[in-house]
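Comments concern the structure below.
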Amino acid sequence: MMRILILLIFLCLNFKAQMLTSVYFDYNSAELSLDSQKKLDSLSRLNKKLKFRIFGNCDISGSSDYNKKLSESRAGAVGAYLQKKIGGNIELQSLTGLGKEKQINDNSTEELRKKNRRVDIFIDRVMVSGEIRSGKAYASFFSKRVSEMKVRDTFSLPNVNFVGGRHVWLSKANPVLAQLAGILKSNPSLEVELQGHICCDYDNFDGQDLDLKTFNLSFTRANAIKEFLEQQGITPSRIKATGQGHLNPVVYPERTEDDFSKNRRVEIVLLKK
């Protein structure tokens with residue numbers, strides 16, 4: 001199992017400039033569980049030239065000062081564990097405690113609070129100066145008949161891009177989303193997942209939604225389209241909205257406004273037909 005995990009991480013880093021893994025903590029604790037230690041053991045065995053950036057997080061319980069210290073302790077525990085394990089190809093670049101200031105969930109249930117009690121480890125592959133990585137280009141959702149599509153296939157929604165820092169799409173997306181609603185209406189058995197993406201914010205898993213003041217911008221973009229489709233009469237249970245953060249850019253690193261726009265997008269996965 002450990003070999004499989006290491007292989008999967010290695011393969012991901014061959015194709016992406018950055019990836020993320022997270023370890024989770026018990027309430028009010030900065031002690032690493034055995035499962036977390038096993039995950040960190042797998043990271044320490046990577047043999048590519050990598051940089052690790054570590055960010056500690058907390059749920060909303062307690063004061064800001066207390067949670068800041070707890071998040072720093074959690075980040076420190078992960079950093080200290082990795083420091084004992086890592087070889088010369090891996091650099092621990094930074095350790096940061098974010099406290100409770102960058103919640104990715106609303107803490108409305110214990111399950112959601114658990115997801116905020118975590119340390120995120122960003123793994124950056126060292127890129128050659130001037131190197132640009134291109135992500136996988138998916139076929140348009142409108143390029144195939146529904147009968148030709150396969151369940152679990154991912155498709156692009158062409159021209160569905162967003163204003164920076166917001167879940168508001170650009171006007172060129174309007175006819176595309178109207179066409180998407182039409183296909184869903186004509187095929188009532190279809191179920192889909194909308195996957196939101198962001199650009200630029202490489203110090204957080206997800207970006208800040210400037211309108212809602214939450215750090216789940218990729219999700220709010222996908223959810224905005226979900227709400228639009230519901231307004232068009234599509235049953236909510238047929239649509240799932242998820243946020244993918246910045247981990248699957250079309251272009252990396254972004255250098256122009258066009259690059260930024262391409263990465264501010266929503267893709268669609270066919271779940272059922």
Side-chain angles (χ1 to χ4, degrees), residues 9 12-13 16-33 35-37 39-44 46 48-87 89-107 112-127 165 197-210 212-219 243-249 252-254 263:
I9 294 172
C12 285
L13 286 166
K16 298 178 185 176
Q18 185 179 88
M19 66 168 289
L20 164 75
T21 191
S22 301
V23 295
Y24 297 88
F25 291 81
D26 291 334
Y27 175 74
N28 200 32
S29 173
E31 184 176 345
L32 289 167
S33 68
D35 285 343
S36 293
Q37 290 178 27
K39 183 178 284 191
L40 297 178
D41 286 343
S42 70
L43 296 181
S44 70
L46 294 173
K48 295 179 71 69
K49 192 169 179 61
L50 305 172
K51 295 183 292 185
F52 285 11
R53 292 178 298 126
I54 298 172
F55 295 87
N57 299 272
C58 292
D59 66 21
I60 204 168
S61 305
S63 68
S64 294
D65 287 344
Y66 177 83
N67 279 288
K68 176 72 170 174
K69 292 176 182 177
L70 179 57
S71 68
E72 289 172 349
S73 295
R74 287 172 173 169
V78 171
Y81 189 89
L82 283 172
Q83 194 72 63
K84 293 177 182 178
K85 301 272 187 176
I86 58 179
N89 286 335
I90 298 175
E91 173 192 348
L92 281 181
Q93 193 173 28
S94 63
L95 288 168
T96 307
L98 298 174
K100 62 180 183 179
E101 304 308 318
K102 295 186 176 180
Q103 302 285 298
I104 61 169
N105 295 299
D106 64 9
N107 293 284
L112 292 176
R113 287 190 288 274
K114 285 180 180 178
K115 292 181 179 180
N116 280 326
R117 300 174 199 142
R118 71 191 192 285
V119 167
D120 295 329
I121 306 160
F122 291 98
I123 307 169
D124 299 278
R125 181 178 61 75
V126 177
M127 297 176 68
H197 301 267
I198 67 168
C199 78
C200 322
D201 188 350
Y202 296 107
D203 286 335
N204 301 290
F205 165 67
D206 215 334
Q208 183 180 23
D209 188 311
L210 298 177
L212 300 177
K213 309 304 181 186
T214 57
F215 282 85
N216 59 349
L217 179 59
S218 64
F219 166 76
Q244 305 298 308
H246 67 259
L247 297 178
N248 297 298
Y252 178 88
E254 301 99 333
N263 286 339

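Note that the coordinates shown come from a computational prediction; the quantities given were computed from them, not determined experimentally. Residue numbers count from 1 along this sequence.
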Under the salt bridge (Lys or Arg N to Asp or Glu O under 4.0 Å) test, residues paired with Asp59 that sit two or more places apart: Arg117
Minimal non-hydrogen separation, Leu98 against Ser71, with atom names: N-OG, 3.3 Å
Expected output: side-chain Asn263 to main-chain Pro249 donor-acceptor under 3.5 Å: no
Under 3.5 Å donor-acceptor, Asp209 side chain and Leu212 backbone: yes
Salt bridge (Lys or Arg N to Asp or Glu O under 4.0 Å) involving Lys114 - partner list, sequence neighbours excluded: none
Any donor-acceptor pair under 3.5 Å from Arg74 side chain to Asn57 backbone: yes
Pair Phe25-Leu32, side chain to side chain contact (heavy atoms under 4.5 Å, CB included): steps then yes or no: CA-CA 7 Å; Phe25 291 81; Leu32 289 167; 3.8 Å; yes
Heavy atoms from other residues, nucleotides or ligands near NZ of Lys68 exceed 12 (cutoff 6.0 Å): yes
Heavy-atom pair of closest approach, residues Val119 and Ala75: CG2-N, 3.8 Å
Lys100 (side chain) donor-acceptor with Ser61 (main chain) under 3.5 angstrom: no
Nearest heavy-atom neighbours spanning Lys39 and Ser22: NZ-O, 2.9 Å
Approximate separation, where rounding is to 0.5 Å, of Lys69 NZ and Cys58 SG: 12.5 Å
Spacing of Ile121 atom CD1 and Leu92 atom CG [to the nearest 0.5 Å]: 9.5 Å
Gap separating the OG1 atom of Thr96 from the CZ atom of Phe122, nearest 0.5 angstrom: 10.5 Å
Candidate pair Leu82 and Ile54, rule side chain to side chain contact (heavy atoms under 4.5 Å, CB included), full reasoning: CA-CA 11 Å; Leu82 283 172; Ile54 298 172; 4.1 Å; yes
Any side-chain heavy-atom pair of Asp41 and Lys85 under 4.5 Å: yes
Side-chain (Ser218) to main-chain (Ile198) donor-acceptor, under 3.5 angstrom: no
Lys115 to Tyr24 - nearest heavy-atom pair and separation: O-CE2, 3.7 Å
